[in-house]
*Asks:* 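Mind looking over this structure? Questions follow.
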Amino acid sequence: TFTTDEVNSATVKIDATPPKLKTGTVSFTTADTSNDDDPDLTSTNTLLAKNGEAIYFDFETEERIENPSVTINGSALSSLSDVSPLDSTGTKWRATYTPSVTGEVTTVVFSVDRMEDPAGNIVDQVETFTTDEVNSATVKIDATPPKLKTGTVSFTTADTSNDDDP
C-alpha cells in the first residue's frame, strides 16, 4: 500500500463531494447605484435597474468550481464573459446580466443552475434566489418611462386679475 508517490512525493485524494454554495454570500448589485432604494417603493431594499444597466449576482462556493451556469430573469448565462471568477481561487463568482425588457419586472429571479468542481462532481439546479443573503435586497427592472397622470395638469398665472381676458 502506497500513500505517497516515492518519486515526486505526491499524494492522491479522492473528491466525491459535490460543490456547494457558501451560505450567506449571495449578493445583488446594479451598475448605477444612484437609482437604488427608490422612495416610491414599499421596500427600502429594492435595487432598481433599467434597460441597458448591468445587474450583478455575486456568490461564493465551498470549493473551487469551473464555469458555473446561472440564470437571471430567465436568461441563461454560462460563458466566461457572463459568469466570471472574481479572484484566482475559483470560489468567488460574478454573473452579469444586462436587461432588455418591455414593461416592468417587479422581482428578478436569480439561480445557480449548474456547478462542477475540478474532480468532475456536478450539481444541477443548485438554488434560486429573489432576495440576496448579504443585504436582504431584491432587484426590480423598471423599463417603463414615466408618464403624466391624465387629468392632473393645471395652469395658473401669478396675476389672476387678468385671467379670462375677453
*Asks:* Side-chain contact test, heavy atoms from C-beta onward, threshold under 4.5 Å: evaluate it for Leu21 versus Phe129 and give yes or no.
*Replies:*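 The answer is yes, as the side chains (C-beta and beyond) meet within the 4.5 Å cut-off.
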*Asks:* With the side chain counted from C-beta on, respond yes when Glu66 and Asp117 share a heavy-atom pair under 4.5 Å apart, and no when they do not.
*Replies:*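 No, every pair of side-chain atoms sits at 4.5 Å or beyond.
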*Asks:* Specify the closest pair of heavy atoms between Pro68 and Phe59, including all atoms of both residues, with the distance to one decimal.
*Replies:*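 Distance-wise, the nearest heavy atoms are CG-CZ, 4.1 Å.
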*Asks:* Kindly say whether the aromatic ring centers of Phe28 and Phe110 come within a distance under 6.0 Å.
*Replies:*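 Between Phe28 and Phe110, the centre distance is under 6.0 Å.
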*Asks:* Rounded at 0.5 Å granularity, tell me how far CD in Glu116 sits from OG in Ser69.
*Replies:*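 Interatomic distance, Glu116 CD to Ser69 OG, rounded to 0.5 Å: 9.5 Å.
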*Asks:* Would you check if Val108 and Ile72 make a side-chain contact, meaning some heavy-atom pair closer than 4.5 Å?
*Replies:*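 They are in contact (side-chain heavy atoms under 4.5 Å apart), so the answer is yes.
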*Asks:* Closest heavy-atom contact between Asn45 and Ser136?
*Replies:*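 That closest heavy-atom pairing would be CB-O, 3.5 Å.
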*Asks:* Side chains of Ile55 and Ile141: closer than 4.5 Å at any heavy-atom pair?
*Replies:*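 Counting from C-beta outward, Ile55 and Ile141 do come under 4.5 Å.
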*Asks:* Ignoring hydrogens and geometry beyond distance, is a side-chain donor-acceptor pair present between Asn51 and Ser100 at under 3.5 Å?
*Replies:*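 The criterion, which ignores hydrogens and geometry beyond distance, is not satisfied for Ser100 and Asn51.
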*Asks:* Taking a hydrophobic cluster as the set of Ile, Leu, Val, Met, Phe, Trp and Tyr residues connected by side-chain heavy atoms closer than 4.5 Å, whether directly or through intermediates, do Val101 and Leu47 fall within one such cluster?
*Replies:*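 Linked, Val101 and Leu47 end up in one cluster.
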*Asks:* Taking all non-hydrogen atoms of both residues into account, name the closest pair between Gly24 and Val134 and its distance.
*Replies:*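 Shortest heavy-atom contact: O-CG2, 3.7 Å.
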*Asks:* Tell me which one of Glu60, Glu127, Glu133 satisfies side chain to side chain contact (heavy atoms under 4.5 Å, CB included) with Val26.
*Replies:*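 It is Glu133; the other options fail the test.
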*Asks:* Grab the two heavy atoms, one from Ser111 and one from Thr128, that are nearest each other, plus how far apart they are.
*Replies:*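 Taking every non-hydrogen atom into account, CB-OG1, 3.6 Å.
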*Asks:* Donor-acceptor pairs are to be reported for all side-chain atoms of residues 87-94 against protein atoms at under 3.5 Å, with residues two or more places apart or in another chain.
*Replies:*
unit_1 : atom_1 : unit_2 : atom_2 : d
Asp87  : OD1    : Thr89  : N      : 3.0
Asp87  : OD1    : Thr89  : OG1    : 2.7
Asp87  : OD2    : Thr89  : OG1    : 3.3
Thr89  : OG1    : Thr91  : N      : 3.2
Thr89  : OG1    : Thr91  : OG1    : 2.7
Trp93  : NE1    : Gly90  : O      : 2.9
Arg94  : NE     : Asp58  : OD1    : 2.7
Arg94  : NH2    : Asp58  : OD2    : 2.9

*Asks:* Do the side chains of Thr46 and Val139 get nearer than 4.5 Å, heavy atoms only?
*Replies:*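 The answer is no; the side chains never approach within 4.5 Å.
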*Asks:* Using atom types as modelled and distance alone, determine if a side-chain donor or acceptor of Asn73 lies under 3.5 Å from a backbone N or O of Val109.
*Replies:*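 Between the backbone of Val109 and the side chain of Asn73 there is no qualifying donor-acceptor contact (under 3.5 Å).
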*Asks:* Which pair of heavy atoms, one from Ile65 and one from Pro19, lies closest together, and at what distance?
*Replies:*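 Closest approach of Ile65 to Pro19: CG2-CB, 3.6 Å.
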*Asks:* What pairs meet the side chain to side chain donor-acceptor pair (under 3.5 Å) rule with one or both residues in residues 14-27, with sequence neighbours excluded?
*Replies:*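 Qualifying pairs, neighbours excluded: Asp15-Asn121.
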*Asks:* Going by distance alone, is a donor N or O of one side chain under 3.5 Å from an acceptor N or O of the other, for Thr30 and Asp32?
*Replies:*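 Their side chains do not contain a donor-acceptor pair, so the 3.5 Å distance test is not met.
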*Asks:* Determine whether a donor-acceptor pair (N or O, by modelled atom type, separation under 3.5 Å) exists between the side chain of Asp124 and the backbone of Arg114.
*Replies:*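 Side chain of Asp124 to backbone of Arg114, a donor-acceptor pair under 3.5 Å: no, none is there.
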*Asks:* Within the 4.5 Å heavy-atom criterion, are Phe57 and Tyr97 side-chain neighbours or not?
*Replies:*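 Result no, sub-4.5 Å side-chain heavy-atom pair not found.
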*Asks:* Pro18 and Ala16: which non-hydrogen atoms are nearest, and at how many Å?
*Replies:*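 Looks like CD-O, 3.6 Å.
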*Asks:* Hey, can you pull the donor-acceptor pairs under 3.5 Å for the side chains in residues 77-85, sequence neighbours left out?
*Replies:*
unit_1 : atom_1 : unit_2 : atom_2 : d
Ser79  : OG     : Ser81  : OG     : 2.9
Ser79  : OG     : Asp82  : N      : 3.4
Ser79  : OG     : Asp82  : OD2    : 3.2

*Asks:* Do Thr61 and Met115 come close enough that some side-chain heavy atom pair is under 4.5 Å?
*Replies:*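 In contact.
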